[in-house]
Structure formats: C-alpha cells, structure tokens
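Values below: every heavy atom of this structure, side chains too, minus hydrogens, waters and symmetry copies.
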Amino acid sequence: MKASAETQMPRNFDFAEAEPRLYQWWLDQGHFKPERAPAEAEPFVISMPPPNVTGSLHIGHALFTALEDLMIRHERMRGKAALWLPGTDHAGIATQLQVEKMLRDEGTSREAVGYEEFLRRTWQWKEEQGGTIIRQLRRLGASCDWDRERFTLDDGLSDAVLQAFVTLWEQGLVYRGPRLVNWSPGLQTAVSDLEVETSEEEVTLYYFRYPVEGGGFLPVATTRPETILGDTAVALHPEDERYRHLIGRRALVPILERAIPVIGDAYVDREFGTGALKVTPAHDFNDYELARRHGLPLLNVLNKDASMKAAAGPYAGLDRYACRERLWRDMEAAGLTIKTEAYRTRIPRSQRGGEVVEPLMSTQWYVRIQPLAQKAIDAVRDGRIKIVPERFEKVYFHWLENIQDWCVSRQLWWGHRIPAWYREKDGDPQGEVYVGKDAPPGDGWVMERDVLDTWFSSGLWPFSTLGWPGETADMRRFYPTQVMETGHDILFFWVARMIMLGLWLTDEPPFHTVYLHGLVRAEGGAKFSKTLGNAIDPLTVVDRLGADPLRFTLITSGTPGNDCHLDETRLDHSFRFVNKIWQMTAFINMNLDGELELELPEAAELDLPSRWILSRLHRLIANVSHLFEIYQYGEAGNQILAFMWDELAPFYLEISKEALYGSSPAAKDRARRVLVHVQDCCLRLLHPFMPFMTEEAWRYLPHEGEALILAAWPTADQSWIDDSVEARMSHCLEAVREIRNARGEYKVDPGRRIQAIASVGAAAEDLASNQAILRRLCNVESLTLLDADAPEPAKAASIVVGDLTLSLPLAGMLDLAAERARLEGELGKLADGLERTRKMLANENFVNRARPDVVQRERDRLRELEAAQAQLEARLASLQA
RNA sequence: GGGCGAUUAGCUCAAUUGGCAGAGCGUCCGGUUUACACCCGGAAGGUUGUAAGUUCGAGUCUUACAUCGCCCACCA
C-alpha cells in the first residue's frame, strides 16, 4: 500500500488555530459517535461524571476530561464502539445557593419572589450558564457524543427518578417519618450524614450545677448550654459511687425549673467531664438513643432557623448563640455555674455553607438502604466490579457495612420533587399519603414539596442517561457501561450509590471497573482555592499552551488514586514535547518525495540502527499497551516521551540523515519507510494523550485512513523485538558517548571532523559497517579497522567499550600526561563495577538461586568489564613506554 | 479511637511479577552542527524517613517507630 502526505508542513503547530478547527472537523465527521464503529463492534462506554450545570471548568474537571478522553480515544482506536456520554447535574443545593445569592444582590429573596418565580429564575439561570462548562470541556478536546448529552432534570431523567423512587416505595424500601436529622439552619434543609463534615475546633466547655429536687446539685458539663432548655433527664453511670444515690430523684432544669428524672445508664463515661450527663434527646444523636431506651420525652427547643422555640421560655425567639450567652449569664447570676474551660472537639459543619449543623427533629423521607448495600458489597466482593486502585475496596466495604438509612428528602425548591401526594384526613393535612408518578384520582391531593437529594438522581446516571426505565436501543447496546472514572472523594456520595441503585433497579452492575483519580493540588500540597490565589486555571493554560500540554501533564503527573501536585514547569515541558514531536514530524515530512510504500522492508534489508529503532519501538508498543491495561497511563506517557526524546530524535533521526542526504535511492526509501512507520506509531500511541497536535501532524505523514482519531491502535510485532540487535546498538552508542566525552575533554571543536581507528572487537564490525553512527553522532569522518596484529597509533586518545578499543588520532591536541590521567580515571570507574560484579558472581547462593538470566547478565557484564580493563591497562602501559 | 496514603536528587515527582535507583525544573561546563535555541552535547547532585527482619539480592515484601496528609467514628 502506497500513500502520500500533505506537504509544506508549517514550521510550528499553531494550536490556537488548529484546535477549534480540528474539533469541529471531528464533530462534523461524526467521529465521536459510537455508530462510527461497525455494528458488531464491542461497546466501550463511560458515563461522564456530570459537572454542575452552572459551574465552570476547574482543574479537577480538566483531570477527569483528560483521563476519560484518553480511555475513550484509546478504545476507539482499538476498534470498539466507544461512547462517552456527557451531561450535567442540576446540583440542587449548589445551584439554588447561586440563584439565591443573585436574588440577594437584587435586594430580594427566594421567599419574597415565591416558589414559581424562583424556579423560573433558576431555569433561566441554567439556560444562561448551562452551556459554559460544556463549551469548556470541548476546548479540552473531549470526544463525547454530544447528541446524547443529558441533564439530570431532563424529562427522561426525571422520569427515571420518579420510577426509581416509586419502585423502591412499592418494595417497601422507602419510608417517611420523624427522625433526628442533621439540619442546616441557613439552608433550611435536612442534609445527609455524608454532607456533614466535622472540623476540630477550640470551643468552650461549660461546667454547671444541676439542682436536684430536695436539695443538692449534680455537676454537669456541656459545650452547648442552650440545649439545657431542652433537657429531659440527667444521666449517671449506675455504678458511680459519687452520685448513684441520686438516681430516681428529680432534677430541675436551670432557670426553667422544669422537673426531669435522674437516670442511670452505663453509656455515661464516669471519667469524662463531671461524670454526669445532661440528656437532650431532641438535639443530640446519642441522647436520642438514650431517651429511646428510657422512654424519655423529646423536647424540641429549636426552630428551623436555629432560633429558640416557645419551649425555651424567656429565651424564645433568641438565636441559638445569643441564647447560649444570655442563659449562661442568667445561670451565673443564679449561682449555678461552676467554671468554663477551653476544649478541643469536633464540630459538625455543613459541607456547603460551612455553618454549624444542628441535630433537629424533622419528618423526612428515607431509603432503607441495607438490602441495596448488601448487593453492592457482593458485587465488589465477587469481582463483578473492580475498584482501581484496589485499596479503596476496603474503604468501600467499611462504609457499606456500617451504612445508615439514607435521608433523601431536601427542603429545597430546585430538584426532583418527591412523587408523593397528601390529603387531609382527621384534621391532619398529611393524614393520607400516596406515592406514585401521578396524582391519585380524587380531589384534595397536594403534591409533596420536598425534593430529592441530588445524589439520588445522579445515582441513576449510568442507566437513566441511556433511556431507562425504557427498554431503549441504547440500553440494550450500551448498558452496562464499562468504566466509571471519577475522584475518590465521591466514592460514597456517588459511586456507591450508583452501584447500589444500579444493581437493585437494573439487576446489573452499572460498570465493571471504577477508576479513582486523586485530587489535583497546588505546589506544596495545598488545596487549590480561589481565595488562596494558587489555583491553576485550566483555560488560562489552554490559552497559553494549548490543550495538549495540559492533558499530557495532568496524565503524567499522577498515579491512580494519589493526589498529584501540578507543577507549572511540567506544563512548559509538555508544551516543548508537543513542539518536539511536531519538529520531528516536520523533518520526516520534508524528506519525503511523493508516494511511499507503507510496508516496512524486510529485516534482512535493514541496517543495524533501523532494526534497533524498530525493536525499541515495538518493545515500547508492548509496554504501553500493557500499561494501558493496568491503568498506568502516566507511566505509559512517560515511556513514549522517553523513547521519542531520548532514542528516536537524538539517535535514529540523526543517523537516518546519512541515507536521506545520500545518493542511494534504495537507502533513502528504506530510511523513509522506517521513519514514517516509527513516527506514525508514536503519533497513534500519543493521540489519546494529545489529540490535537497528533491529528494535525499525522496528515503530514503518508498514511492510510482519513483521520488519526479513527486509526488503529498499534500492535507490537514481536518479530521486530531483538535483544541482540539492541545490545549491539547500545555498544555502538556507548562508543559514541565515550568519543563525545573525549572530544569534550580535549576541547576538539565540535565542527571538526576526526578519524577513528578500531582494533578488532565485537562492536568494531558494527561501527565499521554503519559508519553513519559515528559520522552523524560524533562527527567521526571515517572509521578504519585495524588488523589484529597492527600496533595502535601512539598519538591518539583511546576509547574503550567492552572489548573494543577506538583510537582517535588527535595530532597536536593530545597531551600524554592528560591522556594517562584520563585513562586512569576510566580505570577507576571500571574498578567499582568490577568489584561489585565479581562479588556477586563469587557468591554461590547468587549463582545457584538467582534467575538464570540474571546470572548470565552478570557474567556478560563481567566479561565486558574485564575486557575493557585489559584494554585500558595495555593502552596505559604503551603510553608509559 | 479505627483505617488508608505519603516520606526517593536542591524542588516537583517516577520506578507493577524483588535484579546496576530515573525524569522534569534548577545548578555547572560547552555549543546559532541545514527538524527543533520551544534546541543540542556534556557534568555534578542519592546510605530511597528511622530501626530491625525475610531473601543470593529490598525503594519494592514483613514488623515497629517518627513526621505529614486524608477518610471514617455517638465522650457530653
């Protein structure tokens, strides 16, 4: 097969011009669509973790885009029907907060504009902002099937949410009831356990006296004095000698003088605080349990905005913290206080607003999660789902094994309304409850106002986006998906929920592999944040360097599951790598001449350097393919870079000039075919890392096919991999290095051509028959072989590599004393290696127990080192004489 | 309190069946060699956190410890 390439390759890759053009071209050609692959092709599907619809691109998005696009492009090149399904999340709380802030800036509020208007404004905001993040993902080169883009509040997805909720209800897995929940007073909604973050803080521990009826006091400590007003008991350890006589008596709530029982319970820690515990069942999770055991009443003293209720008596209407202060002052006045002290403890704060969350009694909707969790545990346990890196499986199991029922209702306006209806019965407006997609027949039904936790709808994402609950063609073709790639920080929030809901509702694991990436951090390990001003903005980087360097850097900077520290200097280096590849391609391109046969010549027709670079290339392809299989993309990228920058460019490209600039048409043809083959393979390997430049450069190489994005992923041809060829070439390159060193030491003008004379040695023949190596790499004009018995030239620098000795006659430049010193230095370096190798081989245990190939390698090394030593010594002796 | 991760060159990080510890940036020396100064050639720089253990052989496996970070957990 012959092919030609575009000519007149520009001097530089103009990413600013090329990136949008190439992206549009791929789109227009439909290359991102799985239908591009043959109908019988195996599917490969990734559901994109949907970013917040009104968000804008940060470095975390850039990382997942780089990784997922890499996987998708790789599998697409491997012939799969690759589908990367994009979309956005309505992000209930986050979006609602944004709109509320907007309203605040306008001097109004959510409550003031009302429910309908607020939703209208939110949708409007979504329409205005919704395209931003999608446009930004495109700039990075994301090869998503945009025709299948979804939004969690789309009709189809909303239907899936209703269906899922109703199904769980019908199966008895959804219930509604009053429970103590984590209440966010600022957001005025319940939040789930996961949305509460504890931070260790310095607070005050207040010690005070609890008056006991009939005289006496019980000393008690608390960090939240305002909850005293809601106490319904004081608890003691039943075996506490100090106080046990008080059990059964009644205590009086300070200021309010409400009488409450003194109870005994082994839960109380005698060592902590005063050893006596105030019990506030309505505002503390532990006390709630304690109260249940003892049949104590709940007394709610907090309103939903964290102001005090009427039950707080004189403090009613005060904010919780104002109440804390006022009550403590009053208690001081009443002589009930003992002392206060500084105390470090964990304070529960809302993941969103950061405000202190209050345990509060509230009626909420819950999913009975254990049955779902069990299936999710089993699926990972039996290997139907694999988590990469594996260590996260342990974390996953631990969470699922201790899981609590999931509070799925939120008192927000933006989200999926829970499909429940209430009707008044016996004076209770919610006396009758009905759950179903549509209102039941009959009058008087009012729909539930609460919405579902955002994670409920995103938990359905891998299948709701494909049309579930409909039995659509996409569901049949593309479900289950293959890989779920996301950050380890949302393993519980999202991944575990997808697995639970997926297994429960579709009876299939939604994906077979979970690949977790780490967080991108700033230099020094600090979290990126706008306030610190250390955020690397991916779009600024794209403007400055293009998308390819950013992608390559993100992928090669980290390993799976580990946080990575993004370093600006690496971005610059990646940019230079992109340029380097462009220049290499340009070099090949300008040395083409019309049509070229794409098949490689037979190995027997090729010279040593060509067979070497092909061996190295196919070894690289094998390594990279393996590394992709085990998700080691960073290492794969680094290996490609090392091959191109350290082997292909400085050695093979240089050596090939001999043929390209020479007079033999056959030699030129061979060199071109090897160069094109190697560069073509490299561009294919790199395409998933840096799609834009590789696609553009590929057009300037003779190739089959219309686009690199659809080109086949290279396969390693073992017949090219040849250890002996690599060993021979590496001896030659070793000689090159030594000659360069010698030239440097004798300050030989780099432009000056010199001669070399080789004594007989293993590499001598190779160097003599491949004169291009020395000529092109160290400016040795010609190498002559010396007869075995001929004397070596006297006025020459000596280069020793294994059993090969090269003499460089440097007439007039050589200083015999300096040469002796140089050779002695070389001998010194050899001695260390010799000693080490001899010691190893003298060790019988090593010789007998180590792998045979390892022993052989040491023997070969020893032989070479000894030969080199002998040569150096002989040379030195001749110089002394 | 439990669990996990990290600790390797001045800095940021690699090193996946245990087999001579690498790269980028920085530093030093030398170069406008017709693909590339967005480059090329050379050099210096390491007791792989500490202490033991397993092994012919340990950055890699085991144990303990130290420091840092993260996750989970109901001591007011």
Side-chain angles (χ1 to χ4, degrees), chain A residues 9 11-13 198 205-206 220-224 227 235 267-269 271-280 284-290 343 345-346 389 391-392 394-395 398-399 402 488-489 491-492 518-519 521 523-525 545 556-559 561-570 572-591 626-627 630 632 634-635 638 641-642 645-646 649-650 653-654 657 661 737 740-741 743-745 747 749-751 776-779 833 836-837 840 843-851 853-855 857-858 861:
Chain A
M9 188 165 176
R11 231 185 131 66
N12 287 298
F13 175 58
T198 55
L205 186 58
Y206 298 83
V220 174
T222 181
T223 55
R224 296 186 295 158
T227 64
Y267 163 76
V268 180
D269 182 349
E271 311 301 318
F272 187 86
T274 62
L277 173 69
K278 61 187 274 312
V279 182
T280 322
D284 184 287
F285 288 98
N286 294 315
D287 295 2
Y288 182 76
E289 284 306 311
L290 195 63
Y343 179 62
T345 190
R346 299 201 185 280
R391 63 186 152 88
F392 284 104
K394 209 166 161 180
V395 185
H398 182 259
W399 186 69
N402 297 285
H488 65 67
D489 52 329
L491 179 60
F492 305 144
L519 271 49
R521 291 174 178 280
E523 278 175 70
L545 304 172
T556 55
S557 287
T559 46
N562 291 333
D563 295 352
C564 77
H565 296 187
L566 200 56
D567 185 348
E568 293 270 9
T569 66
R570 291 192 64 128
D572 290 326
H573 184 248
S574 298
F575 175 81
R576 301 205 316 267
F577 181 41
V578 169
N579 172 68
K580 181 85 180 172
I581 300 162
W582 182 265
Q583 300 303 336
M584 291 165 76
T585 312
F587 165 75
I588 297 170
N589 176 271
M590 72 177 59
N591 284 291
H626 171 67
L627 289 166
I630 58 174
Q632 296 289 323
E635 178 64 9
N638 285 326
L641 179 143
W645 213 324
D646 302 335
L653 247 55
E654 288 304 322
K657 288 174 183 171
Y661 301 164
R737 257 185 292 276
R740 283 173 172 173
N741 267 327
R743 290 183 66 127
E745 283 185 48
K747 307 212 185 314
D749 185 327
R776 289 286 161 180
L777 299 183
C778 45
N779 217 1
R836 190 195 140 273
T837 312
M840 271 180 100
N843 183 342
E844 277 183 40
N845 280 322
F846 172 72
V847 177
N848 295 332
R849 299 195 197 189
R851 265 196 347 248
D853 62 300
V854 175
V855 177
R857 202 188 312 152
E858 291 302 319
R861 182 173 301 141

Is the A:Phe392 ring parallel, tilted or perpendicular to the A:His488 ring (thresholds 30°, 60°)? parallel

Would you give a per-nucleotide map of nucleotides 21-36 of chain B, 5' to 3', where B means the base has a protein non-hydrogen atom under 4.0 Å away, S means only the sugar-phosphate does, and - means neither? ---SS---------BB

Mind checking if [X] touches a base, just sugar-phosphate, or nothing, with heavy atoms under 4.0 Å?
{"X": "A:Glu635", "answer": "sugar-phosphate"}
{"X": "A:Phe272", "answer": "base"}
{"X": "A:Asn843", "answer": "sugar-phosphate"}
{"X": "A:Thr837", "answer": "nothing"}
{"X": "A:Tyr206", "answer": "nothing"}
{"X": "A:Arg857", "answer": "sugar-phosphate"}

Counting only side-chain heavy atoms from C-beta out, which of [options] sits nearest to [X]?
{"X": "A:Val395", "options": "B:C71, B:A76, B:G19", "result": "B:C71"}
{"X": "A:Thr222", "options": "B:C38, B:G5, B:A76", "result": "B:A76"}
{"X": "A:Asp269", "options": "B:U16, B:C38, B:A76", "result": "B:A76"}
{"X": "A:Phe492", "options": "B:G42, B:C71, B:U16", "result": "B:C71"}
{"X": "A:Gln632", "options": "B:G19, B:U16, B:G3", "result": "B:U16"}
{"X": "A:Trp645", "options": "B:C39, B:G19, B:A14", "result": "B:C39"}
{"X": "A:Arg861", "options": "B:A73, B:C20, B:C4", "result": "B:C20"}
{"X": "A:Phe846", "options": "B:C38, B:G41, B:G19", "result": "B:G19"}

With both distances kept under 3.5 Å, what pairs with B:U33, Watson-Crick or G-U wobble? none

Does B:A64 have a Watson-Crick or wobble partner in any strand here, with both distances under 3.5 angstrom, and which is it?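 Pairing partner: B:U50.
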
